[in-house]
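Worksheet for the structure shown next.
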2 protein chains.
Amino acid sequence: MSPEITIGELADRSGVPHSALRFYESQGLIHSRRTAGNQRRYVRATLRRVAFIRAAHHLGIPLSQVGEVLALLPSDGAPTREFWERASHCWRAHLDSRIDRLERIRDRFTRCAGCGCLSFDGCALLD
Amino acid sequence: MSPEITIGELADRSGVPHSALRFYESQGLIHSRRTAGNQRRYVRATLRRVAFIRAAHHLGIPLSQVGEVLALLPSDGAPTREFWERASHCWRAHLDSRIDRLERIRDRFTRCAGCGCLSFDGCALLD
DNA sequence: CTGGGACCTCAACCGGGCTTGAGGTCAAGC
DNA sequence: GCTTGACCTCAAGCCCGGTTGAGGTCCCAG
């Protein structure tokens, strides 16, 4: 079991297609060494980075923000526990605010739909 | 006060830019008559249609779906009260399900962040 | 009748998060 | 040595909801 993995292995083990991995790399979220033949080789910690990226993505965090926080790690480093805790705290807040926003919209909508108005002067939905 | 309005008036009164109004028209969400000089003239009911579109948009409903429901009205018709009630019922459900989904993600995330795992076998976030 | 603001069309571009394809190279097994 | 599959780059395309710009026309007030 080599200490480095190819892009195919990374794709298989993370469930993320090659194309997306190359894209992440182009965005600076992950990094690779190149072999003499110009092929990518990843350290195994990259698996964790990819997991971190997918988890964030799943929460609706834009890649650019994920990049910002991953930039705080060494380029070949996996997220540590402390790192994960800080990020998750921040994302939890992000999720909460998205939920709040939707709930506020829903409540306003409920009042508005009740009145059936849909007019320009008076319908709270059309702010 | 003319029974018809220009695109500039529609833009001013609805708060939606010309470009977006032309785009809505290209998508079949609103309709216009053309003058001899090829300029658009809208019936006033179009203001309501635009309000309807913006309200839906605000709720996160894709334009294509808004188009589907607006297609049930005559091309120059404003949404009626009954129409609005049916649509709002449907959108309310849409909003509820989005909120549910986010809450489920949040709960799962909260459990996962608590364990700090971020591993591939066992982390619920990486399904 | 003229000036200028409102209007027209069509095409290109934006961001986000990739995918797809063309055309070429690398590496491992037989 | 040859085949085959995994890999490479770069460019273009997709979806969504528009915006921006170029180049041209309409129409109304003075």
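As a basis for the values below, the full set of heavy atoms in this structure was taken, side chains included, without hydrogen atoms, waters or symmetry mates. Sequence lines set the chain letters: A, B, ... in the order given, protein chains first and strands last, and positions in each chain run from 1.
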**Prompt:** Roughly, in whole Å, what's the span from CD1 in I5(A) to P in dC7(D)?
**Reply:** 11 Å

**Prompt:** How long is the line joining CD1 of I7(B) and C1' of dC27(D), in whole Å?
**Reply:** 16 Å

**Request:** Report the end-to-end axis angle of the helix from dC1(C)-dG30(D) to dC30(C)-dG1(D); each axis comes from five terminal pairs, and the value is rounded to 10°.
**Result:** 20°

**Request:** Taking all heavy atoms of G67(B) and all of L29(B), pick out the closest pair and write down the distance.
**Result:** CA-CG, 4.0 Å

**Fill in**
Of the listed dT9(D), dT9(C), dC7(C), the closest approach to the N38(A) side chain comes from dT9(D)

**Item:** Non-neighbouring partners of H94(A) that pass side-chain contact (heavy atoms from CB on, under 4.5 Å), sequence neighbours left out
**Value:** I61(A), R98(A)

**Pairing residues for D96(B) by the salt bridge (Lys or Arg N to Asp or Glu O under 4.0 Å) criterion, not counting sequence neighbours** = R106(A), R92(B)

**Selection: residues 25-33 of chain A, any non-hydrogen atom under 4.0 Å of DNA chain C** = none

**Prompt:** For E25(A), what residues pass the salt bridge (Lys or Arg N to Asp or Glu O under 4.0 Å) criterion, not counting sequence neighbours?
**Reply:** R40(A)

Are any protein N/O atoms closer than 3.5 Å to N/O atoms in nucleotides 13-22 of chain D? If there are, list each pair with its distance.
| from | atom 1 | to | atom 2 | distance (Å) |
| --- | --- | --- | --- | --- |
| dG17(D) | OP1 | L63(B) | N | 3.4 |
| dG18(D) | OP1 | R54(B) | NH1 | 3.4 |
| dG18(D) | OP2 | Y24(B) | OH | 3.0 |
| dT19(D) | OP2 | S19(B) | OG | 2.1 |
| dT19(D) | OP2 | A20(B) | N | 3.2 |

**Asked** Is the distance from OP1 or OP2 of dC8(D) to the nearest side-chain N or O of R22(A) less than 4.0 Å?
**Response** yes

**Request:** Over all heavy atoms of both residues, which pair between E85(A) and S88(A) is shortest? Give the atoms and the distance, please.
**Result:** O-OG, 3.0 Å

**Prompt:** For dC7(D), does either OP1 or OP2 sit under 4.0 Å from a side-chain N or O belonging to R40(A)?
**Reply:** no

**Request:** May I have all residue pairs that pass salt bridge (Lys or Arg N to Asp or Glu O under 4.0 Å) and include part of residues 55-71 of chain B, sequence neighbours excluded?
**Result:** none

**Request:** Apply salt bridge (Lys or Arg N to Asp or Glu O under 4.0 Å) to R101(B) and list each qualifying residue two or more places apart in sequence or on a separate chain.
**Result:** none

**Item:** Pairing residues for L73(B) by the side-chain contact (heavy atoms from CB on, under 4.5 Å) criterion, not counting sequence neighbours
**Value:** R49(B), L70(B), P79(B), F83(B)

**Item:** Presence of T6(B) side-chain N/O under 4.0 Å of dC7(C) phosphate oxygens OP1/OP2
**Value:** yes

**Non-hydrogen side-chain atoms of V50(A) and Y42(A) separated by less than 4.5 Å** = no

**Asked** With nearest nucleotides of DNA chain D determined for R34(A) and G37(B) from heavy-atom distances, which residue corresponds to the more 5′ nucleotide?
**Response** R34(A)

**side chain to side chain donor-acceptor pair (under 3.5 Å) involving R104(B) - partner list, sequence neighbours excluded** = none

**Item:** A11(B) to P17(B) - nearest heavy-atom pair and separation
**Value:** CB-C, 4.4 Å

**Prompt:** Can you list the residues that meet the side-chain contact (heavy atoms from CB on, under 4.5 Å) rule with V43(B), with sequence neighbours excluded?
**Reply:** A45(B), T46(B), D76(B)

Write down the protein N/O and nucleotide N/O pairs, taken from nucleotides 28-30 of chain D, whose separation is under 3.5 Å; answer none if there are no such pairs.
none

**Prompt:** With side chains defined as the heavy atoms from C-beta onward, is the minimum distance between Q39(A) and T6(A) less than 4.5 Å?
**Reply:** no

**Request:** For H58(A) and dG16(C), give me the distance from atom NE2 to atom C1', rounded to whole Å.
**Result:** 18 Å

**Prompt:** Is the closest side-chain heavy-atom distance between Y24(B) and R54(B) below 4.5 Å?
**Reply:** yes

**Complete:** Separation of dT9(C) atom C1' from Q39(B) atom CD, nearest Å, is 13 Å

